[in-house]
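Following: one structure in structure tokens, then a few remarks.
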2 protein chains.
Amino acid sequence: MAKKVVPEEARRRRRPTRHGVVVTQQLIVETALRMLHEHGRDGLTVRRLGLALGADPSTLYRYFRGIDDLTLAIADELIARAMHGRRSTGQWRTDLREIGLRIHAAYLAHPEAAVLTASRVSGRANEIAGDETVLGILRSTGLPDADVVRIYQAFVDQALAFSALDAASLALPEEARAADERVWRATYAELPARTHPNIAALAPLLVARMNDSAYPTALEMLLDSAEASIGRARRDTDPDHA
Amino acid sequence: MAKKVVPEEARRRRRPTRHGVVVTQQLIVETALRMLHEHGRDGLTVRRLGLALGADPSTLYRYFRGIDDLTLAIADELIARAMHGRRSTGQWRTDLREIGLRIHAAYLAHPEAAVLTASRVSGRANEIAGDETVLGILRSTGLPDADVVRIYQAFVDQALAFSALDAASLALPEEARAADERVWRATYAELPARTHPNIAALAPLLVARMNDSAYPTALEMLLDSAEASIGRARRDTDPDHA
DNA sequence: GAGTAACGTCAACGGCGTTGGCGTAAGGTG
DNA sequence: CACCTTACGCCAACGCCGTTGACGTTACTC
């Protein structure tokens, strides 16, 4: 059977399935995203995908080498959605902030897919374009190359890491998520001050924040540190700047 | 069959299996960690676990309610190992740095297990103790409560987020990991300066760093920002501090 | 209109997590 | 030491899963 998948642009025939659907890679990716939403993180199976497409499960293997290949295609789609429509303001801090928050938002819009893909390297066009953009923004600040690369890596990995972590919480099965939240709330609200004085003292603040992502805070702290580095770099090369 | 699992401390009989092994929860957890190491992230299966234990696969269900219950037990074990043996120096920045790096190291020591567990909330003793410790360190700096909670959340979530992200890369099946690395190296080494000037200019630096975790950098940047906040707080309450 | 091969379908394989039933032997009790 | 209870290990089975080889139809090319 399919030793090799025919590339999308080389396809000549589009025979409809017995249910009348004309299959494409894009249709499969979109259907997979919808199934992940509807059935949870373990809800994407080849058999169910075939059912949702109105096609035999083995049809998938005419379009992707396997589940892993489909996963990478989904990752590419998420990155594309994250970067779509972005505009530059020319201010490095504003632009980096927006890119970080856009990545985070795009992944959280599809948490089950984000869990599957956040740690993968697609190496495709959208990913590379994003890296080029971030590097360009950082270079425009006048930072030395070594600092540019250091901060770039921290920025990108921080965005992906928080996206994956926050997505994982959202993607838990509802019962598990509710149980986790119950445990968390009970834990922090009821620990006695005698054994856990710090948690007890801050419990109201902790509980109030527990459903908010820490990413905006962590991102701003990273940008604080970058700004300090940029200030140092400018003083080094331009002493009049004071 | 087993509607309910007998708690470990209530067990009365310890009948050896036909291969002479006496099963315990701890033995199962340790065996599961070993299997994850040996067979990769998908290598932990009930049937293989039974084989490794010298017991029938269904024996697992005498000790755990299912695979998910075993997963939480593994999570608990990882947290215990992360915090074991830590000592305080009394210097907030040194202590927070060590805690962050310890969590990261403990998870990366068992990347396949880390992937399964990093996003779960155990609510058990070791997790709570760690939170209490971090809050105590931040409160000792004199920061206002709101800043303590804000920075605490960013610190803890960043440690877990990077641990999960870095673990996921390490835990990829060898072929996928090699493919990802090949893609990455080829991408950054061979992009023409005409279309991607920033990547082309920094390619050697990028490739040199690509196998290193960005977590130490991101952690230090977070601590930079925290230190600036602490300095501001002290100037506000103690103007002589200058 | 004939030939070719792309592609949808079918059936099957070996795995998986999980469960109900059963026998056995370990432990408490006298 | 003998009995009884029942925890616990084992077996067989169920319904899933991803993947593959063979096959026939049908959309294209010429």
Side-chain angles (χ1 to χ4, degrees), chain A residues 1-25 27-28 31-32 35-36 39-74 116 173 176, chain B residues 1-25 27-28 31-32 35-36 39-72 74 116 173 175-176:
Chain A
M1 79 152 294
K3 309 283 187 192
K4 197 155 171 54
V5 172
V6 176
E8 191 74 2
E9 64 274 12
R11 290 182 181 274
R12 298 164 42 222
R13 309 185 192 179
R14 310 235 75 122
R15 174 149 57 126
T17 69
R18 65 164 42 215
H19 291 77
V21 183
V22 175
V23 180
T24 63
Q25 282 193 0
L27 177 64
I28 293 177
T31 304
M35 292 183 53
L36 283 167
H39 297 102
R41 76 157 110 199
D42 295 330
L44 175 61
T45 72
V46 176
R47 289 162 200 278
R48 226 182 332 216
L49 189 56
L51 206 64
L53 283 169
D56 188 86
S58 63
T59 298
L60 172 71
Y61 296 88
R62 299 275 181 210
Y63 293 85
F64 296 98
R65 290 192 307 278
I67 276 286
D68 193 70
D69 198 22
L70 172 58
T71 301
L72 290 177
I74 294 172
L116 293 178
Chain B
M1 77 151 297
K3 308 284 185 191
K4 198 158 170 53
V5 172
V6 176
E8 190 72 4
E9 62 276 12
R11 291 184 179 273
R12 298 163 43 222
R13 310 184 191 181
R14 310 235 74 124
R15 173 147 59 125
T17 70
R18 68 165 40 216
H19 291 77
V21 183
V22 175
V23 179
T24 63
Q25 283 193 0
L27 177 64
I28 292 177
T31 305
M35 291 183 56
L36 283 167
H39 298 102
R41 76 155 112 199
D42 295 329
L44 176 61
T45 73
V46 177
R47 289 161 201 278
R48 224 182 332 216
L49 189 57
L51 207 63
L53 283 169
D56 187 87
S58 64
T59 298
L60 172 71
Y61 296 86
R62 300 276 181 208
Y63 293 86
F64 295 98
R65 290 193 305 278
I67 276 285
D68 193 69
D69 197 22
L70 172 58
T71 301
L72 290 177
I74 294 172
L116 294 178
E175 88 192 77

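Below, chain A is the first sequence line, B the second, and so on; all start at residue 1.
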[N] [atom2] sits how many Å from [X] [atom1], rounded?
{"X": "B:Phe64", "N": "C:dG17", "atom1": "CZ", "atom2": "C1'", "result": "16 Å"}
{"X": "A:Leu49", "N": "C:dG8", "atom1": "CG", "atom2": "C1'", "result": "15 Å"}
{"X": "B:Arg65", "N": "C:dG17", "atom1": "CZ", "atom2": "P", "result": "17 Å"}
{"X": "A:Leu53", "N": "C:dT9", "atom1": "CG", "atom2": "C1'", "result": "14 Å"}
{"X": "A:His39", "N": "D:dC17", "atom1": "NE2", "atom2": "C1'", "result": "15 Å"}
{"X": "B:Leu60", "N": "C:dT19", "atom1": "CG", "atom2": "C1'", "result": "13 Å"}
{"X": "A:Tyr61", "N": "D:dT19", "atom1": "OH", "atom2": "P", "result": "3 Å"}
{"X": "A:Asp68", "N": "D:dC17", "atom1": "CG", "atom2": "C1'", "result": "16 Å"}

Would you tabulate the nitrogen or oxygen pairs shorter than 3.5 Å linking the protein to nucleotides 11-16 of chain C?
residue, atom, partner, partner atom, Å
C:dC16, OP1, B:Thr45, OG1, 3.2

request  = List the steps, then state whether side-chain contact (heavy atoms from CB on, under 4.5 Å) holds for B:Leu60 with B:Leu70.
outcome  = CA-CA 9 Å; B:Leu60 172 71; B:Leu70 172 58; 4.2 Å; yes
inquiry  = Of the options D:dT20, C:dG21, C:dT19, whose atoms approach the side-chain atoms of B:Arg62 most closely?
reply    = C:dG21
Smallest separation among heavy atoms of B:Ala52 and B:Thr31, with atom names = CB-CG2, 3.8 Å
remark   = For A:Val23 and A:Tyr63, the nearest pair of non-hydrogen atoms, with its separation, is O-OH, 3.3 Å
request  = Given side-chain contact (heavy atoms from CB on, under 4.5 Å), test B:Val46 with B:Tyr61 step by step and report yes or no.
outcome  = CA-CA 10 Å; B:Val46 177; B:Tyr61 296 86; 3.9 Å; yes
message = Strictly below 4.0 Å: does B:Tyr63 bring a side-chain N or O up to OP1 or OP2 of D:dG9?
response = yes
Rounded distance (nearest 0.5 Å) linking atom CD1 of B:Ile67 with atom CG of B:Leu44 = 5.0 Å
ask   = Got a second to check how far B:Leu51's CG is from B:Met35's CE, nearest 0.5 Å?
value = 8.0 Å
